Structures are given as structure tokens and as C-alpha cells.
There are 2 protein chains.
Amino acid sequence: MNIAIVGVGLIGGSIAIDAKELGFANHIIGVDKSGDNLDKAIRRKIIDEALSLPEAVAKSQIIVVTTPVDVLVHLLPKVLDLVTDQVVLEMGSSKVTVLSSIDNHRNRKQLVSLHPMAGTEHSGPEAALPRLFNNKTCVLVDVEKSGGAALEITRTFLDCLSMIPVEYTAQEHDLHAAYVSHISHISSFSLALTVLEKEKDEKRIFDLASGGFSSTVRLAKSSAKMWTPIFEQNRNNVLDVLDEHINSLAKFRTLLIKSDFEGIEKLIHQSNEIKRILG
Amino acid sequence: MNIAIVGVGLIGGSIAIDAKELGFANHIIGVDKSGDNLDKAIRRKIIDEALSLPEAVAKSQIIVVTTPVDVLVHLLPKVLDLVTDQVVLEMGSSKVTVLSSIDNHRNRKQLVSLHPMAGTEHSGPEAALPRLFNNKTCVLVDVEKSGGAALEITRTFLDCLSMIPVEYTAQEHDLHAAYVSHISHISSFSLALTVLEKEKDEKRIFDLASGGFSSTVRLAKSSAKMWTPIFEQNRNNVLDVLDEHINSLAKFRTLLIKSDFEGIEKLIHQSNEIKRILG
């Protein structure tokens with residue numbers, strides 16, 4: 001089988017590596033507006049050849065679209081215009097806006113909307129990793145809008161990647177993704193800004209950045225080009241959970257101001273509850 | 001050499017393992033108010049025997065004190081009362097209050113104040129790990145108040161653990177620890193509270209908790225008993241940086257409310273700066 005990867009970055013590149021190594025595809029075609037990304041991907045043997053979008057679609061059975069979500073809303077209708085019987089997998093991190101761009105498309109049934117809950121703070125084809133998806137959750141969105149054949153081959157592919165499928169509507173996805181994933185990114189970006197603002201002596205940051213700080217601030221290395229359009233498309237849900245985050249920091253602040261350390265201990269105990277859920 | 005570990009938890013236990021395995025000590029004595037911790041530490045061969053504080057001090061050349069900082073302020077004067085020519089290493093995460101408790105002690109010169117920038121979100125002797133300190137920074141605090149002999153053996157020990165020593169005053173330590181380490185903990189505790197408050201469906205948290213969320217919220221598993229007294233002793237510095245953290249989240253909020261996504265992209269680019277410092 002031939003698979004086209006449109007947007008050969010961290011996710012697209014990692015999909016390409018696994019599809020080939022796990023025997024799901026024998027030929028990977030890369031499509032990217034960046035010639036540099038395509039060169040890197042060919043040099044690292046992540047893709048077998050680079051083609052234009054129409055050529056890639058014509059030559060593939062599955063087209064995986066993994067661009068930032070602001071590009072997806074323009075690109076997905078074009079990809080669906082080009083397909084005959086191919087399956088299109090889109091992997092955006094926000095769904096309501098992305099999927100509304102192709103809601104009435106005549107080929108809507110050939111598209112399956114996925115959000116693999118895997119990634120790192122790095123981007124570009126050089127960040128692609130084998131087995132990135134192994135044992136991770138993959139959210140399938142609005143499955144009733146996809147055709148049976150498209151869903152079947154998608155499920156076979158996810159099974160091959162050892163992903164665990166769960167089903168959400170687009171609205172559910174965007175709400176819960178804001179509550180868990182999107183707010184983590186804003187929290188981490190803000191922590192980085194805080195430390196950079198207060199700690200003007202970079203050597204001190206380096207000295208004192210134990211594993212704890214590095215872990216909490218890790219997502220602050222994430223790409224602005226990828227995350228800005230996610231916050232734009234999921235603005236209302238993000239604002240809602242962001243207000244709660246400011247509120248929870250303000251609780252610590254109020255207790256500190258009142259020197260109510262019993263209250264702080266109680267608050268920490270409450271937050272420790274996350275241990276039970278995450279293990 | 002005999003080493004006594006007072007407070008056989010994550011840090012004390014990890015020190016014990018390395019001191020023995022790297023050949024710095026041949027006998028490790030554990031002191032802990034929890035008989036359960038001592039039993040676990042003996043069963044895991046982290047310590048060779050459990051003694052009372054006076055017995056342990058009398059029998060050791062180095063006494064490592066690794067209790068929570070609220071215990072340190074009462075315990076350190078007692079330990080210094082007991083020493084003759086031994087060296088005492090205290091490893092509290094806040095320093096000004098802790099060190100003021102022994103500032104005028106007749107044996108002050110035998111104490112060296114350290115903060116090894118290493119740890120995990122777990123606690124207790126079962127969390128102890130070999131080589132936890134390898135290649136990590138160790139802050140030496142107010143070194144001019146320690147005697148030459150005490151400092152010399154401390155430096156040899158840190159070298160044996162492969163730690164990188166840096167020197168701070170107690171005031172500098174508390175300020176910069178608040179700016180980098182303490183705020184990361186509050187940020188993570190608050191993120192956990194936020195997600196637990198907004199996301200009432202635990203299965204959704206589990207589904208959507210990719211590596212990103214888990215990493216950002218990891219410190220929220222940290223011990224309330226350890227962290228509450230750190231925030232108490234370093235209250236003013238923590239409040240100062242906490243205000244800035246609330247301010248940085250509020251910047252995101254204002255830009256989201258105004259739908260100023262160029263501004264958000266700029267803010268993310270600023271926070272990406274942390275990449276350059278942390279690598």
C-alpha cells in the first residue's frame with residue numbers, strides 16, 4: 001500500500017516510520033510546502049519520494065494530513081476534492097472548526113478524523129520517532145460521519161500502531177482537550193514566561209533547573225505556529241479552563257497572604273488526587 | 001566510614017545507596033521517627049542498622065539530615081548539641097529560616113548546608129534511587145560559616161556522587177529557589193486542581209493525558225508534608241513569583257478575550273526562549 005503524508009513533521013514523520021516498519025505500507029509519499037522538510041525526510045528515509053498534493057493523492061490509498069489546524073481548514077476541502085476512493089485521515093488537535101470546513105463535502109465519508117494523544121515538545125521531521133504511538137490513546141471523532149470502509153481500514157491501521165481507540169464527538173473532543181491538554185500548554189508557556197521575567201540571571205535557572213522544573217516547563221518549548229491556531233479555534237473552551245487555572249493559583253496566593261498553611265496543606269492533598277487517576 | 005542518615009526518605013535513602021555503592025561509606029545508620037520507614041530501609045538494604053539519634057551521632061563520622069524543613073529547625077540544634085568532631089550535612093529546600101536556627105551554635109562550623117537539585121515526585125525510602133545525584137547541581141549555602149575540614153570532606157563526598165557544586169548565600173538560595181523550583185511546584189499543584197475541578201469525568205483525563213499533561217502535572221504528586229513548610233519558610237519570595245505567574249496567565253487570558261492571536265503567538269515565542277537556557 002502507498003501512504004501519502006501531508007505535513008511531514010513530528011506526527012506525520014512518526015506515522016511514516018511506523019507505517020513502513022510495521023509493514024502496513026511499502027511506499028511513503030511526502031507532501032510539504034517546505035522543501036527543506038522534504039529534503040530532511042528523504043535523507044532520513046522517512047519518506048520514499050516527495051510529490052505535489054494532486055500527484056500524491058492520485059498515487060496513494062491513504063492520505064494522512066498532519067498540518068497545523070489553521071492550514072487544515074483550507075487544505076482538507078482541497079484533499080477531498082481530489083480523492084476518488086482513497087481514505088483521508090486528518091489529525092488536528094482541535095476539531096469543531098476543522099471538521100466544519102468539510103461537513104457538507106460530497107466525499108465526507110472518506111475522511112476519518114483522529115487525534116492521536118502522543119507527541120513531544122519538538123517539531124519537524126527531525127523530531128519523528130519510531131513507536132511514538134505505541135499504547136497511546138487515539139481519539140476517533142464523529143465516527144458516524146465516516147463511511148464503513150474508511151473506518152475499517154483506519155481501525156486496522158491504529159491496531160497496527162498499537163493505539164487504543166476511543167470515540168468522541170467534535171464538541172466533546174474540543175471541550176475535554178481544552179480541559180486536559182490545551183491548558184497544560186498554556187500553564188507551561190506561562191511558567192516559562194514567569195521564570196524568564198523574574199530570574200534575569202540565566203546561570204541561576206540552569207543551576208536550579210532540577211528534573212522538576214524541566215518537566216513542568218517542557219511543553220513551553222512547543223511550536224507557536226502549531227499552538228496559536230489551536231487556541232484560536234478552541235478559544236471559548238480554553239478561556240473557560242484558563243479562568244479556573246488562574247482561580248486555583250489565586251487560592252494558593254490568598255492562603256499564602258493569610259499565612260494559612262493548614263489550608264495550603266489541604267490544597268496540596270486535593271491536588272495529589274491526580275496521582276490516583278494517572279497512576 | 002560510618003554515615004548516619006537522619007530522615008530515611010527519597011533523598012536520605014538515595015544518599016545512603018550511593019555512599020555505600022560508590023565506596024564512600026561502609027556502614028550506614030538510619031534514624032527516623034517512623035519505624036515503618038526504618039523497617040523498609042533495612043529490608044531493602046538501604047541502611048545497615050537503625051539507631052536512636054544520640055547513638056547514631058556517636059557512632060558516625062558524617063550525619064546527613066534530610067527531614068522536611070519544619071523538622072530541621074528543631075532537629076539541627078539537637079544534632080549540633082550532640083556532635084564532637086563529626087560533620088553534619090543538612091539538605092533542606094529552604095535555607096534562611098533553617099540556618100538561623102543554628103546560626104549562633106557553638107558547633108556551627110561543623111555543619112555544611114547543601115541543597116542537591118535532584119529528586120522525584122515520590123517520597124519515602126521505597127522511592128530511593130541509585131545515582132539520583134549523578135551530574136546534578138548541588139548548592140552549597142553560606143560556605144564561609146562552615147569550617148575548612150567539614151567543607152573538605154563534603155566536597156570529596158559530592159565529587160564521589162558526581163555532583164556539580166555551586167555556592168549561594170542563604171538569601172540568594174531562597175530567592176532563586178522560589179523563582180525556579182518552588183513556583184514550578186505551585187504551578188503543577190494548581191494545574192492538577194484545575195483539571196480535577198473542570199474535568200469531572202476521570203476517564204476523559206485518563207484518555208487525554210498524553211505525555212504532555214503527565215509531564216506538566218508530575219510535581220502535583222509531591223508530598224504536602226514536605227512542601228507546605230517550604231512555602232511557609234519561603235513565603236515572601238514565593239508570593240512574589242506567584243504574582244508574576246498569575247500575571248503571565250492573565251496575559252494569555254487578556255489576549256484570548258481580545259482574540260489577539262498575533263499577540264499570543266508572540267507570547268509563545270517569548271516563552272520558547274526557555275529552550276535556549278535548558279537546551
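Please read all numbers here as calculations on a predicted model, not as lab measurements.
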message = Only pairs of heavy atoms separated by less than 4.5 Å count here; which of Ala118(A), Ser190(A), Ala192(A) has the most with chain B?
response = Ser190(A)
message = Could you tell me if the side chain of Glu90(B) sits less than 4.5 Å from the side chain of Thr66(B), heavy atoms only?
response = no
remark   = For Ser94(B) and Ile230(B) the tightest heavy-atom approach is OG-CA, 4.3 Å
query = With side chains defined as the heavy atoms from C-beta onward, is the minimum distance between Thr228(A) and Asp70(A) less than 4.5 Å?
reply = no
query = So which part of Leu242(B) gets closer than 4.5 Å to some heavy atom of chain A, the side chain, the backbone, both or neither?
reply = side chain
task = Check side chain to side chain contact (heavy atoms under 4.5 Å, CB included) between Glu244(B) and all other residues, then give those that pass, not counting sequence neighbours.
result = Thr194(A), Glu197(A), Lys198(A), Asn247(B)
ask   = Who in residues 178-188 of chain B is close to chain A, using a strict under-4.5 Å heavy-atom cut-off?
value = Tyr179(B), Val180(B), Ile183(B), Ser184(B), Ile186(B), Ser187(B), Ser188(B)
query = Looking only at heavy atoms, what is the nearest atom pair of Val69(B) and Ser93(B), with distance?
reply = CG1-N, 3.6 Å
task = Let me know if Arg204(A) has heavy atoms under 4.5 Å from chain B in its side chain, its backbone, both or neither.
result = both
remark   = Between Ala209(A) and Leu278(B) the two heavy atoms that sit nearest each other are CB-CD2, 3.6 Å
ask   = In terms of side-chain geometry, is the basic nitrogen of Lys95(B) or Glu172(B) positioned less than 4.0 Å from the acidic oxygen of its partner?
value = no
message = Is Leu219(A) close to chain B through its backbone or its side chain, or both, or neither, when contacts mean heavy atoms under 4.5 Å?
response = side chain
query = Roughly how far, to the nearest 0.5 Å, is the CG atom of Leu114(B) from the CD1 atom of Ile11(B)?
reply = 11.5 Å
Top contributor to chain B interface from Val139(A), Val217(A), Asp207(A) [non-hydrogen pairs under 4.5 Å] = Asp207(A)
inquiry  = Could you tell me if the side chain of Ile15(B) sits less than 4.5 Å from the side chain of Leu161(B), heavy atoms only?
reply    = yes
request  = Enumerate by number any residue of residues 119-137 of chain B whose heavy atoms lie under 4.5 Å from heavy atoms of chain A; in the absence of such residues, state 'none'.
outcome  = Thr137(B)
inquiry  = Any non-hydrogen side-chain atom of Val65(B) less than 4.5 Å from a side-chain atom of Leu75(B)?
reply    = yes
task = Find out whether Phe189(A) and Ser222(A) are in side-chain contact, i.e. whether some heavy atom of one side chain is under 4.5 Å from a heavy atom of the other.
result = yes
query = Any salt bridge between Asp36(A) and Lys40(A), counting N to O under 4.0 Å?
reply = yes
task = Between chain B and each of Lys225(A), Lys203(A), Lys275(A), Lys221(A), count heavy-atom pairs under 4.5 Å; write down the option with the most.
result = Lys221(A)
Val96(A) side chain near Ser100(A) side chain, heavy-atom distance below 4.5 Å = no
ask   = Most heavy-atom pairs under 4.5 angstrom with chain B, which of Ile164(A), Ile277(A), Asp240(A)?
value = Ile277(A)
ask   = For the atom pair CZ (Phe206(A)) and CD (Glu199(A)), what is the distance rounded to the nearest 0.5 Å?
value = 14.0 Å
note = By residue number, those in residues 249-272 of chain B with heavy atoms under 4.5 Å from heavy atoms of chain A are Leu249(B), Ala250(B), Phe252(B), Arg253(B), Leu256(B), Ile257(B), Ser259(B), Phe261(B), Ile264(B), Glu265(B), Leu267(B), Ile268(B), His269(B), Gln270(B), Ser271(B), Asn272(B)
note = Per-residue tally against chain B (heavy atom, under 4.5 Å) across Asp201(A), Leu208(A), Ile274(A) peaks at Leu208(A)
key: chain B contacts, top residue of Leu175(A), Thr216(A), Val166(A) (heavy-atom pairs, under 4.5 Å)   = Thr216(A)
key: Nearest non-hydrogen partners of Pro165(A) and Leu140(A), listed with the distance   = CB-CD1, 3.5 Å
key: Any Met91(A) side-chain heavy atom under 4.5 Å of His115(A) side chain   = no
task = Determine the minimum heavy-atom distance between Cys138(B) and Leu158(B), stating which atoms define it.
result = SG-CD2, 3.9 Å
ask   = Out of Glu202(B), His245(B), His173(B), which one racks up the most heavy-atom pairs below 4.5 Å with chain A?
value = His245(B)
inquiry  = As an exercise: rank Glu232(B), Met117(B), Arg218(B) by heavy-atom pairs under 4.5 Å with chain A and give me the winner.
reply    = Glu232(B)
inquiry  = Does any part of the side chain of Asp243(B), heavy atoms only, come nearer than 4.5 Å to the side chain of Val241(B), both counted from C-beta?
reply    = no
remark   = Correct closest heavy-atom pair for Leu193(B) and Ser248(A) would be CB-CB, 4.1 Å
inquiry  = Need one label for Val195(A): side chain, backbone, both or neither, based on atoms under 4.5 Å from any heavy atom in chain B.
reply    = both
